[in-house]
There are 2 protein chains.
Amino acid sequence: MVQFVHPARDDISLEGVLGALSDPMRLRIVKALLAEGDCLSCSAAAPCPDMAKSTLSNHFRVLRDAGLIQTTKKGVENRNTVREADINARFPGLLKAILKHAGE
Amino acid sequence: MVQFVHPARDDISLEGVLGALSDPMRLRIVKALLAEGDCLSCSAAAPCPDMAKSTLSNHFRVLRDAGLIQTTKKGVENRNTVREADINARFPGLLKAILKHAGE
DNA sequence: TCAATAGTCCCATATTTCCGAACTATTGAA
DNA sequence: TTCAATAGTTCGGAAATATGGGACTATTGA
């Protein structure tokens with residue numbers, strides 16, 4: 001019903017990005033998106049199976065609000081992609097530097 | 001009275017670092033420490049003058065717990081230094097990538 | 001010994017996070 | 001059409017966390 005709201009490239013803030021990625025679950029979601037061809041539904045990218053749907057939905061909203069991912073509704077599910085180009089244009093090297101160290 | 005507790009290098013976590021730096025005030029504190037020769041008292045590194053002492057103290061504790069700074073008591077004040085060597089050893093390139101974009 | 005200074009600790013309030021439950025929207029049958 | 005199933009969102013209350021005021025501690029310098 002809602003068409004998702006994404007910040008413009010120039011409105012992506014460093015604090016927002018860091019805050020979004022400071023949660024282990026969200027870090028895993030972004031990693032999963034990048035690893036799996038960068039287009040996953042919310043549940044397919046879920047960092048752990050026992051997470052409540054509402055919590056998962058909220059994590060995706062945080063990532064979206066921070067400008068890290070783009071979400072589009074495709075049928076009954078959402079397709080999520082990491083906004084790599086935008087993040088890299090705004091903060092060159094940052095995403096790579098963070099994700100290089102992410103995951104156990 | 002308390003001798004400050006700092007995590008060992010290997011106990012510094014990525015999420016902890018990102019979480020600590022996801023607050024604009026703490027980001028400014030770290031920037032100030034690095035800019036000013038890396039050894040400032042808490043109040044000298046305060047990101048804005050009207051912040052409550054207790055809040056400022058708490059921000060330093062968060063940075064300390066995350067392993068970002070080292071605090072030693074020197075007379076009546078604290079001397080804080082960024083643990084650059086430890087952070088760089090653990091997450092090469094991360095700190096630089098973040099701080100490059102910090103603070104307009 | 002006393003006042004001043006720099007921080008810390010404790011507590012109450014305010015904000016955020018988490019999750020269950022109810023709701024919406026889309027698809028694919030019957 | 002209608003109905004069930006699926007994927008997410010939204011709402012509300014409980015739990016966790018941040019903020020700041022005030023009292024406290026420790027050190028220095030009169």
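Everything numeric in this text was worked out from a predicted model, so none of it was measured. Each chain gets a letter, A, B and so on, in the order the sequences are listed, and its residues count up from 1.
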Indicate yes or no: at least one non-hydrogen side-chain atom of B:K31 is less than 4.5 angstrom from one of B:L99.
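Result yes, sub-4.5 Å side-chain heavy-atom pair found.
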Are side-chain heavy atoms of A:L95 and A:E84 found at a separation under 4.5 Å?
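Counting from C-beta outward, A:L95 and A:E84 do come under 4.5 Å.
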Rounding to a whole Å, what distance do you find between [X]:[atom1] and [N]:[atom2]?
| X | N | atom1 | atom2 | answer |
| --- | --- | --- | --- | --- |
| B:E15 | C:dT17 | CD | P | 16 Å |
| A:I69 | D:dG8 | CD1 | P | 11 Å |
| B:F4 | C:dC9 | CZ | C1' | 13 Å |
| A:R61 | C:dC18 | CZ | P | 11 Å |
| A:D23 | C:dC19 | CG | P | 11 Å |
| A:F60 | D:dT10 | CZ | C1' | 17 Å |
| A:K73 | D:dT6 | NZ | P | 16 Å |
| A:M25 | C:dT17 | CE | C1' | 13 Å |

Nucleotide of D:dG8, D:dA26, C:dA25 approaching A:C42 most closely (side-chain heavy atoms)
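For A:C42, the side-chain atoms sit closest to D:dG8.
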Nucleotide nearest A:E77 when distance is taken to its side chain, options C:dT8, D:dA7, C:dC19:
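Looking only at heavy atoms from C-beta outward on A:E77, the closest nucleotide is D:dA7.
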Determine: side-chain N/O of [X] to OP1/OP2 of [N], distance under 4.0 Å, yes or no.
| X | N | answer |
| --- | --- | --- |
| B:S54 | D:dG21 | no |
| A:N58 | C:dT16 | no |
| B:H59 | D:dT19 | yes |
| B:T55 | D:dG20 | yes |
| A:S43 | D:dT6 | no |

Hey, what do you get for NE2 (B:H59) to CD1 (B:I29), rounding to the nearest 0.5 Å?
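B:H59 atom NE2 to B:I29 atom CD1 measures 6.0 Å (nearest 0.5 Å).
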Taking atom types as modelled and ignoring hydrogens, do the side chains of A:R64 and A:T71 form a donor-acceptor contact shorter than 3.5 angstrom?
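Yes, side-chain donor-acceptor contact under 3.5 Å.
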Categorize B:S57 for me: base, sugar-phosphate, or nothing, with a 4.0 angstrom heavy-atom threshold over every strand shown.
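Base, at least one base heavy atom under 4.0 Å.
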Sugar-phosphate, base or nothing in reach of A:R64, heavy atoms under 4.0 Å
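A:R64: backbone/sugar contact only, no base atoms under 4.0 Å.
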Hunt down the Watson-Crick or G-U wobble partner of C:dA21, both distances under 3.5 Å, from any strand shown, or write none.
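Partner of C:dA21: D:dT10.
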For D:dG29, the Watson-Crick or wobble counterpart (both distances under 3.5 Å):
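Across any shown strand, D:dG29 pairs with C:dC2.
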Starting from the 5' end of DNA chain C, give me the residue, A:K74 or A:V62, whose nearest nucleotide shows up first.
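Its nucleotide being nearer the 5' end, the pick is A:V62.
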Of A:G75 and A:K53, whose nearest nucleotide on DNA chain C comes first from the 5' end?
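Counting from the 5' end, the first nearest nucleotide belongs to A:K53.
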At their closest point, which heavy atom of A:P7 faces which heavy atom of A:I12, and how far apart are they?
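Distance-wise, the nearest heavy atoms are CG-CG1, 4.4 Å.
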Contact summary for B:L21 and B:L27, nearest pair of heavy atoms
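The pair with the smallest heavy-atom distance is O-CD1, 3.6 Å.
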